[in-house]
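Below is one structure, written out as structure tokens, with a few remarks after it.
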Amino acid sequence: MRGMMRGCMVGLLVALATTAYAQGVDVSDGREPQVTEEEAGILEQVSGLSRKNPGLAKTLLDKSMQKESSPALDFALGNVLFQMGETGDAEKAYRTALRKMPQFDRARANLTRVLLQQDKITAAREQLSQILLTGRNQASIMTLTGYVYLLDDKPVAAESAYRQALLSAPDDINAYLGLAKVLLIQERFHEAARLLETILQDYPRRGELWANLANARLALEQYGRAVVALETARRLGVASPEALATLGDLYLNRAQYTDAVQAYSLAFASEAPSSTRLLRTIGGLLQVKEVREAGMLIEKARGLEKNGQLTSRQMNQLQWLVARRFQLSGHGEAARRAYQKLIARDPLNGKAILALGDLYAESRSLDRALALYARASRISQVRVEALTKQARIEVERENYADAIGLLLDVQAVAPRETIARYIEQLRYLRR
């Protein structure tokens, strides 16, 4: 689930707030550090630099920092480092600010965000609890609390935090997004769909909202409405590659092959979805005999293989798809070589052994086919199919006794009435 939620981290990151000190922060409650006039000037410069040249902003802060400097400077340095992606150093800067001023809630909140970025969920929760104990339950803190609980697989607590955040900030899109995810995780799909449709009225160009709405519709088996959601995102130009690939799957299942190919082409045109998704898409295209399009994606998958981005299991899956494409294209010899290569790498791949046997059976090399089927029959996952294929060849050769023996073995594993009747017919022919 953490991978699914990582995308909403960006929305939780606060913008740099250094200008606040130059403009005058309310420090009367003792939870914001005071700054000197000179420090306020430095912070104002940093604010102007941070958006255009964060490296220069960091250099200015490094030169200006003294042991007795206000925690506001350490906080500003943490923000700049966070913006630069240097999360380890940002953590150190925020901790320095908190050592100087433990009640500095904004520094603690940003430290929480840095810890989340580093997948330090327990440490982040501990920091957040110190803010909550003070009773300062601002909307931004409650949204962050919901996010932490969601990452920590506590959806009920996350829902409570998000709803509390929305009471104070009814326009907080991050709280709405979090709440929608909580409802999806709890399988409250009707509620999630209604909420997402409401949010989309104000944020129609948020692609993740359309994707989540499609997920809710799919869970409710409302496939047509899921297509509408993803197709709307596509037409608005906000559909992610993963969403486009899902749209392709849906069109494929609806036998809208032209639309499916178009969606897949867009999905894999630039930034590709996951390798798992890529291989599944190739398999789907081959299933409906879209050989040319499958071939184009196979080349993409081969590029991933060359770059070491496929697991050994995925490499075997790719080799199966290559062989299958050759077979569907009518290139029997190339298909045989591809299956043999796969079997050499994965000797217990019963599906590949059967496929190779089928190729030999089609070319009337029945002895080779029987040998491969016999080999496959020793693999439990394909035993019944292998025995049945052997029996079919023996019937063709009028070796009824051997066929009956093989089919009795099938019945011992997976008894079926149709097989029982067929055995009786063979016994009659054997007389």
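A quick note: this is a predicted structure, and the numbers were derived from the prediction, not measured.
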Query raised in the report: Can you tell me how far CD of Gln138 sits from CZ of Arg106, rounded to the nearest 0.5 angstrom?
Result: 10.5 Å

Report task. Indicate whether the side chain of Asn174 and that of Tyr162 have a donor and an acceptor atom separated by less than 3.5 Å. Result -> no

Query raised in the report: Is Phe268 close to Lys300 at the side-chain level, that is, under 4.5 Å between some pair of heavy atoms?
Result: yes

Query raised in the report: Going through the distances and angles, do Trp210 and Val238 end up as a side-chain contact (heavy atoms from CB on, under 4.5 Å)?
Result: CA-CA 9 Å; Trp210 291 110; Val238 296; 4.1 Å; yes

Query raised in the report: Do Thr96 and Arg99 get their side chains close enough for a donor-acceptor pair, meaning under 3.5 Å?
Result: yes

Query raised in the report: In terms of heavy-atom contacts, does CD of Gln287 have more than 12 from other residues, nucleotides or ligands at under 6.0 Å?
Result: no

Query raised in the report: Can you find a heavy atom in the side chain of Leu132 that is under 4.5 Å from one in the side chain of Met142?
Result: yes

Query raised in the report: Using 4.0 Å as the upper bound for N to carboxylate O, is an ion pair formed by Asp358 and Lys389?
Result: yes

Query raised in the report: Does any N or O in the side chain of Thr145 come within less than 3.5 Å of the main-chain N or O of Ile141, such that one atom is a donor and the other an acceptor?
Result: yes

Query - Side chain to side chain, Val46 and Ile42, heavy atoms closer than 4.5 Å - result: yes

Query raised in the report: Is it true that Arg194 and Glu197 have a side-chain N and a carboxylate O under 4.0 angstrom from each other?
Result: no

Report summary line: Tightest non-hydrogen contact, residues Ala301 and Leu310, listed as O-CD1, 3.8 Å

**Report entry** Thr311: side-chain contact (heavy atoms from CB on, under 4.5 Å) partners, not counting sequence neighbours
**Finding:** Arg313, Gln314

Report summary line: Taken in chain and number order and not counting sequence neighbours, the residues that satisfy ring-ring contact (aromatic ring centres under 6.0 Å, His included) with Tyr339 are Trp320

Query raised in the report: Does the distance from a Lys or Arg side-chain N to an Asp or Glu carboxylate O, for Lys100 and Glu68, drop under 4.0 Å?
Result: no

Report task. State, to 0.1 Å, how close Val35 and Ala72 come at their nearest heavy-atom pair, and which atoms those are. Result -> CG1-CB, 3.5 Å

Query - Heavy-atom side-chain contact between Val261 and Thr258 under 4.5 Å - result: no

**Report entry** Within 6.0 Å of CD in Glu37, more than 12 heavy atoms from elsewhere
**Finding:** no

Query raised in the report: Can Arg108 be said to sit on top of Tyr94's aromatic six-ring, NZ or CZ under 6.0 Å from centre and within 45° of the ring axis?
Result: no

Query raised in the report: So do the side chains of Thr232 and Leu200 get within less than 4.5 Å of each other, counting heavy atoms only?
Result: no

Query raised in the report: Rounded to the nearest 0.5 Å, how far does CG of Leu183 lie from CG of Leu196?
Result: 8.5 Å

Query raised in the report: Does one side chain, of Asn316 or Asn349, offer a donor that lies under 3.5 Å from an acceptor on the other?
Result: no

Query raised in the report: Under 3.5 Å, side chain of Ser160 to main-chain N/O of Ala157, donor-acceptor pair present?
Result: no

Query - Arg254, CZ: over 12 other non-hydrogen atoms inside 6.0 angstrom - result: yes

Query raised in the report: Should the pair Glu299-Arg302 be classified as a salt bridge under the 4.0 Å nitrogen-to-oxygen rule?
Result: yes

Report summary line: To the nearest 0.5 Å, atom CD of Gln164 lies from atom OG1 of Thr143 at 10.0 Å

Report task. Please state whether the rings of Phe104 and Phe75 are parallel, tilted or perpendicular, taking 30° and 60° as the class boundaries. Result -> tilted

Report task. Kindly say whether Asp249 contributes a backbone atom to a donor-acceptor pair with the side chain of Tyr264 at under 3.5 angstrom? Result -> yes

Query raised in the report: If you round to the nearest 0.5 Å, how far is CD of Gln45 from CG of Leu60?
Result: 5.5 Å

Query raised in the report: Are any of the side-chain heavy atoms of Leu150 and Ile185 separated by less than 4.5 Å?
Result: yes

Query - Heavy-atom neighbours of Arg368 CZ exceed 12 at 6.0 Å - result: no

Requested in this report: Indicate yes or no: does Glu159 engage Lys154 in a salt bridge with an N to O separation below 4.0 Å.
Outcome: no

Query raised in the report: Which atom pair, heavy atoms only, marks the closest approach of Ser64 to Ser69?
Result: O-OG, 3.9 Å

Report summary line: Between the CG atom in Leu177 and the OH atom in Tyr147, the distance rounded to the nearest 0.5 Å is 11.5 Å

Report task. Applying salt bridge (charged side-chain N to carboxylate O under 4.0 Å, His left out), run through Glu91 and Lys120 and close with a yes or a no. Result -> CA-CA 11 Å; Glu91 178 184 346; Lys120 299 177 181 178; 3.3 Å; yes

Report task. Please report the closest heavy-atom contact between Leu244 and Ala267, naming both atoms and the distance. Result -> CB-CB, 3.6 Å

Query - Contact check, side chains of Ser377 and Gln390, non-hydrogen atoms, under 4.5 Å - result: yes

Query raised in the report: Can you check side-chain contact (heavy atoms from CB on, under 4.5 Å) on Ile343 and Arg375, steps first, answer last?
Result: CA-CA 12 Å; Ile343 294 167; Arg375 177 178 172 180; 3.4 Å; yes

Query raised in the report: So how far is it from Ile199 CD1 to Asp171 CG, rounded to the nearest 0.5 Å?
Result: 11.5 Å

Report task. Would you tell me whether Thr246 and Arg277 have side-chain atoms, one donor and one acceptor, within less than 3.5 Å of each other? Result -> yes

Requested in this report: Test Leu286 against Leu321 for side-chain contact (heavy atoms from CB on, under 4.5 Å), laying out the working first.
Outcome: CA-CA 8 Å; Leu286 290 176; Leu321 295 169; 3.9 Å; yes

Requested in this report: Verify side-chain contact (heavy atoms from CB on, under 4.5 Å) between Ser70 and Gln34, making sure each step is shown before the conclusion.
Outcome: CA-CA 7 Å; Ser70 169; Gln34 297 183 353; 5.9 Å; no

**Report entry** Residue pair Leu304 / Leu318, side-chain heavy-atom distance below 4.5 Å
**Finding:** no

Query - Ile379 to Pro347 - nearest heavy-atom pair and separation - result: CD1-O, 4.5 Å

